[in-house]
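Presented below is the structure to which this report refers.
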Amino acid sequence: MGRLQDRVAVITAAGSGMGRAAARLFAREGATVVVADIDEKAASDTVDEITAKGGRARAHCVDVGDLAALRSLFDMVERDFGILHVLYNHAGIPGPAGLDISEAEYDRAGDINTKSAFFATSYALPLLRRAAPHASIIFTASVSGLVGSPLAPLYSMHKGALVLLMRSLAIAHGKEGIRVNAICPGPIQTPMLPQFFGRNQPAGADDMAAKFAAAIPLGRPGQPEEIAGAALFLASDESSFVTGVALPVDGGYTTQ
């Protein structure tokens, strides 16, 4: 039996990178995975990978910054499954660097990075209550939400907000049997990594990434599968006495 056997999981931004790696692993461990992503083809490709190996998954195209679309995602889960064991709020974008940004840029980054996670959790809560004490909410925060980022104060603000949202929800819903935790990745080798380092200096993105990696005690960026492994731990009963934790998965970056 897998560690998520016969459980239902929703993962946002599961069409690529860390989200896709988590979707594959959760399905391998027995979950039915709802692969939610703004890119319909990417979501379908993730589902195809899972089903080709005998797993269970379905794609759902959603812009998590659109609350009506986000609500429809959980209406579908209610209609088709009636329960939710794992909500993995993974969607996020780098957003603009610095302070000289437009209001539209500010609003879009906030819609994706914080508002979506807040409302997805709100919409999912009745379904998660039905899964207690096997219910788990996971947020993807960041090391930038723990120690700050000179490159991206807006991103750091959003990720720090997710950490405090997570801790507040862990207190509020622990007695209901719902655990709430966050993963705080360091630099991970995904399509978003060069976007993050290249926002102000596209020609030097690789150089910035190399300098960041050199500051990591393990001496390298992480891989999506390493974040997926942490997410599986937090999603499963192996972490049944773990809640309110912001878990760095960063090669030791935040120990310095």
Side-chain angles (χ1 to χ4, degrees), residues 4 7-14 18-19 22-23 26 31-38 60-93 107-142 145-146 155 157-185 227 230-236 239-240 242-247:
L4 297 178
R7 299 188 185 184
V8 178
V10 168
I11 306 176
T12 61
M18 292 179 272
F26 283 19
T32 297
V33 182
V34 177
V35 176
D37 201 282
I38 195 170
H60 190 96
C61 183
V62 60
D63 176 354
V64 296
D66 178 341
L67 292 189
L70 190 62
R71 186 61 196 246
S72 74
L73 167 63
F74 294 98
D75 287 344
M76 179 276 291
V77 175
E78 164 77 58
R79 182 180 65 249
D80 293 355
F81 302 106
I83 194 169
L84 182 64
H85 300 83
V86 182
L87 171 62
Y88 188 179
N89 286 306
H90 176 62
I93 59 174
D107 288 344
R108 180 60 177 168
D111 286 349
I112 302 300
N113 290 341
T114 55
K115 188 172 82 172
S116 72
F118 183 96
F119 281 98
T121 304
S122 174
Y123 299 153
L125 195 57
L127 295 161
L128 289 159
R129 286 189 174 115
R130 298 172 194 173
H134 304 292
S136 175
I137 302 169
I138 306 167
F139 294 93
T140 294
S142 170
L146 298 176
Y155 181 81
M157 180 179 80
H158 290 156
K159 295 304 186 177
L162 288 182
V163 169
L164 285 180
L165 173 62
M166 172 274 295
R167 289 176 176 157
S168 299
L169 295 174
I171 297 167
H173 300 290
K175 287 185 171 58
E176 295 182 84
I178 300 172
R179 297 181 301 103
V180 192
N181 295 285
I183 299 172
C184 298
I227 302 300
L232 175 62
F233 169 70
L234 294 174
S236 74
S239 59
S240 57
V242 179
T243 197
V245 169
L247 175 64

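Nearest heavy-atom pair across Ile227 and Pro185 is CD1-CB, 3.8 Å. Cys184 and Ala246 get closest at one heavy-atom pair: SG-CB, 3.9 Å. Residue Ala14 comes nearest to Asp37 through the heavy atom pair N-OD2, 3.4 Å, listed as atom of the first residue, atom of the second, then distance. Shortest non-hydrogen contact noted between Cys61 and Ile38 is SG-O, 3.5 Å. Closest non-hydrogen pair, Ser122 versus Pro126, comes out as O-CD, 3.7 Å.
In this structure, CG in Asp63 is found 12.0 Å from CG in Leu73, a value given to the nearest 0.5 Å. The CZ atom of Phe233 lies 10.5 Å from the CD1 atom of Ile138; values are rounded to the nearest 0.5 Å. To the nearest 0.5 Å, atom CG of residue Asn113 and atom CZ of residue Phe118 are 15.5 Å apart. Ile112 CD1 to Asp107 CG: the interatomic distance, rounded to the nearest 0.5 Å, is 11.5 Å. Between the OG1 atom of Thr12 and the CG atom of Asn89 there is a distance of 5.5 Å, given to the nearest 0.5 Å.
Side-chain atoms of His85 do not come within 3.5 Å of backbone N or O of Ala9 as any donor-acceptor pair. Asp111 contributes no side-chain N or O that, together with a main-chain N or O of Ser116, makes up a donor-acceptor pair within less than 3.5 Å.
The shortest distance between side-chain heavy atoms of Leu84 and Phe74 falls below 4.5 Å.
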In residues 173-181, what donor-acceptor pairs under 3.5 Å come from side-chain atoms, sequence neighbours left out?
unit_1	atom_1	unit_2	atom_2	d
His173	ND1	Glu176	OE2	2.5
Glu176	OE1	Arg129	NE	2.4
Arg179	NE	Ser239	O	3.4
Arg179	NH1	Leu234	O	3.3
Arg179	NH1	Ser239	O	2.9
Arg179	NH1	Ser239	OG	2.9
Arg179	NH1	Val242	O	3.1
Arg179	NH2	Leu234	O	2.9
Arg179	NH2	Ser236	O	3.1
Arg179	NH2	Ser239	OG	3.2
Asn181	OD1	Gly244	N	3.2
Asn181	OD1	Val245	N	3.0
Asn181	ND2	Val242	O	3.1

For residues 159-169, which side-chain donor-acceptor pairs fall under 3.5 Å, sequence neighbours excluded?
unit_1	atom_1	unit_2	atom_2	d
Lys159	NZ	Thr140	O	3.1
Ser168	OG	Leu164	O	2.9

(request) Could you go through the side-chain contact (heavy atoms from CB on, under 4.5 Å) check for Leu67 and Tyr123 one step at a time? (result) CA-CA 10 Å; Leu67 292 189; Tyr123 299 153; 3.9 Å; yes
(request) Decide side-chain contact (heavy atoms from CB on, under 4.5 Å) for Val10 and His60; before the verdict, give the C-alpha distance in whole Å, the side-chain angles of both, and the deciding distance to 0.1 Å. (result) CA-CA 10 Å; Val10 168; His60 190 96; over 6 Å; no
(message) Is there a side-chain contact (heavy atoms from CB on, under 4.5 Å) between Ile183 and Tyr88? Walk through the geometry before answering.
(response) CA-CA 10 Å; Ile183 299 172; Tyr88 188 179; 3.9 Å; yes
(message) Working note: Ile11 + Val35, criterion side-chain contact (heavy atoms from CB on, under 4.5 Å); need CA distance, chi angles, decisive distance, verdict.
(response) CA-CA 6 Å; Ile11 306 176; Val35 176; over 6 Å; no
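Within the structure, the salt bridge (Lys or Arg N to Asp or Glu O under 4.0 Å) test picks out the following pairs touching residues 75-84 (sequence neighbours left out): Arg58-Asp80, Arg71-Asp75, Glu78-Arg130.
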